Novice: 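One structure, as structure tokens, below. Some questions next.
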Amino acid sequence: MNNPSQRIGPVTVHFGRKNGKYPDGNQVVVTGGEVRAVFDTPLSSQTGGQAGAGPLDGAELVLLGHVHEDHCAALNRLPRAAVFAPEGDLAAVRSVDGMMAHYGYSPAASEKMRVKLTGEFHFQPRPDARGYPDGKVWELGGGVTVRAIHMPGHTRGHSVLMVEPGGIAFIGDIDLTGFGPYYGDACSNLRDFLDTLERIEHMEAKVWITYHHKGVITERELFLELLRAFREKVALREAAILRVLAEGPNTLAKLVAHRFIYPPDYHDVYVEDVERKSLTEHLSILLEQERVKEEAGVFRLA
Ligand SMILES: [Zn+2]
């Protein structure tokens, strides 16, 4: 069965299960006069590919906006397509070890993630993948182009892929969901993410497409409203950390157990590592701003 889809100029969006909620995503296909490109490959695209009918049909080019397990989940369906990834994320698509370094989880979580990656997410490394820099342009024929705009933070290489004509921006995992920004991997950086959220507000576009959940947004006002709420999640997490520190000094381990990112009843192999990395990002900013002090691994309000 085909998923619901939406056509916008040269772009077709095939919505994933539950509107592309993780672990699935929305499949973007761009059809030029000569080349058909796909942006990322979600689990729901496993139904098609070069072996059969589906959203990946006829795709010769895969442009990854960034590299994560849920974005490479049907690459195995396109063994002959040319694959491009942002330079900062390239090692992660080239090998499983590269992906593990990208996450930077503890040995126990990494072991479980390896199993999930190749099992649940069908990951097949692409040592043939090529890196692209900020500003790279692909011409797909008939005047259809794709331009990469480096917007890091979620991952080191995370990029927006801008399709013209139409000003159609694939904004990937700047996904405007209620969860808020994700900066829980070794390759994530909260300062960069905050810069990115500032820059994307001023980026000229007419249509915004997220990989998860929100899907296609065609009104600037709505985009700005969702962006404000998304950014606000960072401030809310920071306020929650400060509230706990106001009650007394805390070690990182104790703060991790508090759960500032995931709800306490949410379980997955990476949750503790993601909490730790995300907290480390917040604390680094708070230390720099001299709002928090650290001594011998104990954090307290300054
Ligand atoms: Zn991601």
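Only this structure's heavy atoms are used, side chains among them; waters, hydrogens and symmetry mates stay out. Atoms within a ligand are numbered from 1 in the order they appear, just like the ligands themselves. All values derive from a computational prediction rather than experimental measurement.
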Novice: Quick check: closest heavy atoms across Val62 and Leu78, and the distance to 0.1 Å?
Specialist: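 Looks like CG2-CD1, 3.6 Å.
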
Novice: With side-chain hydrogen bond (donor to acceptor under 3.5 Å, both in side chains) as the test, pick out the partner of His212 among Thr177, Asp175, Asp173.
Specialist: Asp173

Novice: Give a yes or no on whether Asp70 keeps an N, O or S atom under 2.8 Å from the Zn ion (ligand 1).
Specialist: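 Checking Asp70: none of its N, O or S atoms is under 2.8 Å.
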
Novice: What's the atom name of the N, O or S in His68 nearest to the Zn ion (ligand 1)?
Specialist: ND1

Novice: Asp185 vs Tyr182, test: side chain to side chain contact (heavy atoms under 4.5 Å, CB included). Steps then yes/no.
Specialist: CA-CA 8 Å; Asp185 291 351; Tyr182 176 98; 2.5 Å; yes

Novice: Kindly confirm whether the Zn ion (ligand 1) is within less than 2.8 Å of some N/O/S atom in His71?
Specialist: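 No - counting backbone and side chain alike, His71 has no N, O or S atom under 2.8 Å.
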
Novice: Does the pair Arg94/Asp128 count as a salt bridge with the N-to-O cut at 4.0 Å?
Specialist: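 No, this pair does not count.
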
Novice: By atom name, which N, O or S atom belonging to Asp173 lies closest to the Zn ion (ligand 1)?
Specialist: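 Distance check against the Zn ion (ligand 1) picks out OD2 in Asp173.
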
Novice: May I ask you to check whether His66 brings an N, O or S atom to under 2.8 Å from the Zn ion (ligand 1)?
Specialist: yes

Novice: Check whether any side-chain heavy atom of Ile285 lies under 4.5 Å from a side-chain heavy atom of Leu190, and answer yes or no.
Specialist: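 In short, these two side chains touch, coming nearer than 4.5 Å.
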
